[in-house]
Amino acid sequence: MNQESKKTFSPIEVQLEASKQYFWCTCGRSQSQPFCDGSHKNTTFTPRAFSVNENRSAWLCTCKKTGNAPFCDGTHNKL
């Protein structure tokens with residue numbers, strides 16, 4: 001695969017609110033990345049629910065290979 005045809009994934013910075021439940025897309029089909037929009041229906045994927053303890057910004061993974069889901073751990077740089 002050449003560099004031009006290789007899909008690149010970059011994390012998305014989001015503002016998260018304390019105690020609010022979020023659903024991170026695990027299938028990669030969502031048009032609302034990095035959050036689930038229900039595009040996983042009729043697949044084996046299930047969104048990952050998560051919340052944070054304080055209002056904060058975070059970089060969420062879009063390559064779906066992070067070891068710290070839903071947060072980016074830099075794995076996309078190795079793909």
Side-chain angles (χ1 to χ4, degrees):
M1 181 181 295
N2 66 36
Q3 282 297 100
E4 292 169 4
S5 65
K6 187 176 182 181
K7 187 171 182 180
T8 58
F9 299 95
S10 296
I12 297 174
E13 185 176 23
V14 296
Q15 298 300 316
L16 302 173
E17 296 177 32
S19 302
K20 181 176 178 182
Q21 188 168 43
Y22 295 94
F23 293 90
W24 177 66
C25 170
T26 60
C27 73
R29 294 181 174 192
S30 175
Q31 296 300 305
S32 301
Q33 290 292 334
F35 300 108
C36 177
D37 68 1
S39 294
H40 66 278
K41 291 199 184 343
N42 299 318
T43 73
T44 60
F45 292 94
T46 304
R48 181 178 182 133
F50 75 100
S51 61
V52 293
N53 294 329
E54 61 187 12
N55 293 345
R56 61 177 239 179
S57 65
W59 291 91
L60 299 187
C61 173
T62 62
C63 77
K64 312 306 177 192
K65 305 289 185 194
T66 182
N68 188 27
F71 305 100
C72 176
D73 68 0
T75 298
H76 65 279
N77 291 315
K78 300 173 189 158
L79 300 178

Does the pair S30 and H40 meet the rule for a side chain to side chain contact (heavy atoms under 4.5 Å, CB included), with working shown?
CA-CA 8 Å; S30 175; H40 66 278; over 6 Å; no

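- T26 contributes a side-chain N or O that, together with a main-chain N or O of T46, makes up a donor-acceptor pair within less than 3.5 Å.
- Listed for the T62 side chain is a donor-acceptor partner under 3.5 Å among the backbone atoms of S10.
- If you take OG on S32 and CZ on R29, they are separated by 15.0 Å, rounding to the nearest 0.5 Å.
- Nearest heavy atoms, C25 versus G28: SG-N, 3.1 Å.
- Taking each heavy atom of D73 and G67 in turn, the nearest pair found is OD2-N, 2.7 Å.
- To the nearest 0.5 Å, atoms CZ (R56) and CD (E17) are separated by 13.5 Å.
- Counting heavy-atom neighbours within 6.0 Å of N53 CG, excluding the residue itself, gives a total of 12 or less.
- Counting heavy atoms from C-beta outward, F35 and L60 have side chains that approach closer than 4.5 Å.
- Within a 6.0 Å radius of CD in Q21, more than 12 heavy atoms belonging to other residues, nucleotides or ligands are found.
- Ring geometry, F71 versus F50: the interplanar angle exceeds 60°, so the pair is classed perpendicular (tilted spans 30 to 60°).
- In this structure, the side chains of Y22 and V14 stay at 4.5 Å or more apart for every pair of heavy atoms.
- Put simply, the side chain of K20 never gets that close to the backbone of N55: no donor and acceptor are under 3.5 Å apart.
- With hydrophobic clusters built from ILVMFWY side chains whose heavy atoms lie under 4.5 angstrom apart, W24 shares a cluster with L16.
- In this structure, N77 CG and C63 SG are separated by 9.0 Å, a value rounded to the nearest 0.5 Å.
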Mind running side chain to side chain contact (heavy atoms under 4.5 Å, CB included) on C61 and H76 for me, showing each step along the way?
CA-CA 8 Å; C61 173; H76 65 279; over 6 Å; no

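- Note: Q33 CD to K64 NZ = 4.0 Å, rounded to the nearest 0.5 Å.
- In this structure, the separation between OG on S39 and CZ on F45 is 12.0 Å, given to the nearest 0.5 Å.
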